[in-house]
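Following: one structure in structure tokens, then a few remarks.
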Amino acid sequence: MKRTAFVLVLLLLFSAFALADDTYQNGKIIKWENGTYATGSKKHPSKNWVVYQLQGDNNTTYSIARTKETKPEMQAGDAVQYQIKKSTEMTVIRANGKKQTHQIVGQAAAQGQ
């Protein structure tokens, strides 16, 4: 009986960690613009990409981009959910449910903070 209770407690703990790891915040795309990134190639030293400005619930604006995205897939005013995976990576879930990984290329706090 004690063993079963112990196993159940462990399962609950692991479930709690798994749920906490998958929490997303609400955000909104403010605008997008074309940017460039270095490729490291001598023949084509830079390429274009789309850089989005994402406004988070915490009034932080993130500049995010996907290296191979050259045409915007999100527009200003689009509601999204996001989760920061690393200090340089963000997972974004668009309104249609599509999940994508973006690089964080900039970050700014709202004025007054």
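Basis for what follows: all heavy atoms, side chains included, without hydrogens, waters or symmetry-related copies.
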Practice task
Determine, step by step, whether Thr60 and Gln107 satisfy the side chain to side chain contact (heavy atoms under 4.5 Å, CB included) criterion, reporting the C-alpha distance in whole Å, the side-chain angles of both residues, the deciding distance to 0.1 Å, and the verdict.
Solution key: CA-CA 7 Å; Thr60 300; Gln107 180 177 338; 3.6 Å; yes
Roughly how far apart are [X] [atom1] and [Y] [atom2], rounded to 0.5 Å?
| X | Y | atom1 | atom2 | value |
| --- | --- | --- | --- | --- |
| Glu89 | Thr101 | CD | OG1 | 5.5 Å |
| Asn48 | Lys68 | CG | NZ | 15.0 Å |
| Met90 | Tyr24 | CE | OH | 11.0 Å |

Side-chain heavy atoms of [X] within contact of [Y], under 4.5 Å:
| X | Y | answer |
| --- | --- | --- |
| Ile29 | Val80 | yes |
| Val50 | Thr70 | no |
| Lys98 | Val92 | no |
| Ile93 | Gln83 | no |
| Gln103 | Thr88 | no |
| Ile30 | Thr61 | yes |

Exercise for the section: Using side-chain contact (heavy atoms from CB on, under 4.5 Å) as the criterion, list what pairs up with Lys28, not counting sequence neighbours. Expected result: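 Checked Lys28 against side-chain contact (heavy atoms from CB on, under 4.5 Å); zero matches.
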Practice task
Evaluate the side chain to side chain contact (heavy atoms under 4.5 Å, CB included) criterion for residues Val51 and Asn34: first the C-alpha distance (whole Å), next the side-chain angles of each, then the deciding distance (0.1 Å), finally the verdict.
Solution key: CA-CA 6 Å; Val51 179; Asn34 290 315; over 6 Å; no
Practice task
Please list all pairs passing the ring pair (Phe, Tyr, Trp, His ring centres under 6.0 Å) test where one or both residues lie in residues 85-109, with sequence neighbours left out.
Solution key: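 Not a single pair qualifies under ring pair (Phe, Tyr, Trp, His ring centres under 6.0 Å).
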Handout entry: Qualifying ring pair (Phe, Tyr, Trp, His ring centres under 6.0 Å) pairs, either residue in residues 61-100, two or more places apart
Key = Tyr62-Tyr82
Exercise for the section: Group every Ile, Leu, Val, Met, Phe, Trp and Tyr by side-chain heavy-atom contacts under 4.5 Å, then state whether Ile104 and Leu54 land in the same group. Expected result: yes
Problem - Residue pair Gln25, Ile84: steps toward the side chain to side chain contact (heavy atoms under 4.5 Å, CB included) verdict - result: CA-CA 9 Å; Gln25 299 178 38; Ile84 299 173; 5.7 Å; no
Practice task
Mind checking salt bridge (Lys or Arg N to Asp or Glu O under 4.0 Å) for Arg66 and listing every partner two or more places apart, or none if nothing turns up?
Solution key: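 Arg66 satisfies salt bridge (Lys or Arg N to Asp or Glu O under 4.0 Å) with Glu69, Glu73 only.
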Handout entry: Any residue meeting salt bridge (Lys or Arg N to Asp or Glu O under 4.0 Å) with Lys31, in chain and number order, not counting sequence neighbours
Key =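 Residues passing salt bridge (Lys or Arg N to Asp or Glu O under 4.0 Å) with Lys31: Glu33.
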Practice task
Give the C-alpha distance, both sets of side-chain angles, the deciding distance and a yes or no for side chain to side chain contact (heavy atoms under 4.5 Å, CB included) between Asp78 and Arg94.
Solution key: CA-CA 8 Å; Asp78 286 357; Arg94 296 173 19 199; over 6 Å; no
Problem - For Trp32, all residues meeting ring-ring contact (aromatic ring centres under 6.0 Å, His included), sequence neighbours excluded - result: none
Practice task
Identify the two heavy atoms, one from Gln55 and one from Asn59, that lie closest to each other, and give their separation to 0.1 Å.
Solution key: NE2-CA, 3.0 Å
Exercise for the section: Answer with yes or no whether the side chains of Gln53 and Ser63 bring together a donor and an acceptor at under 3.5 Å. Expected result: yes
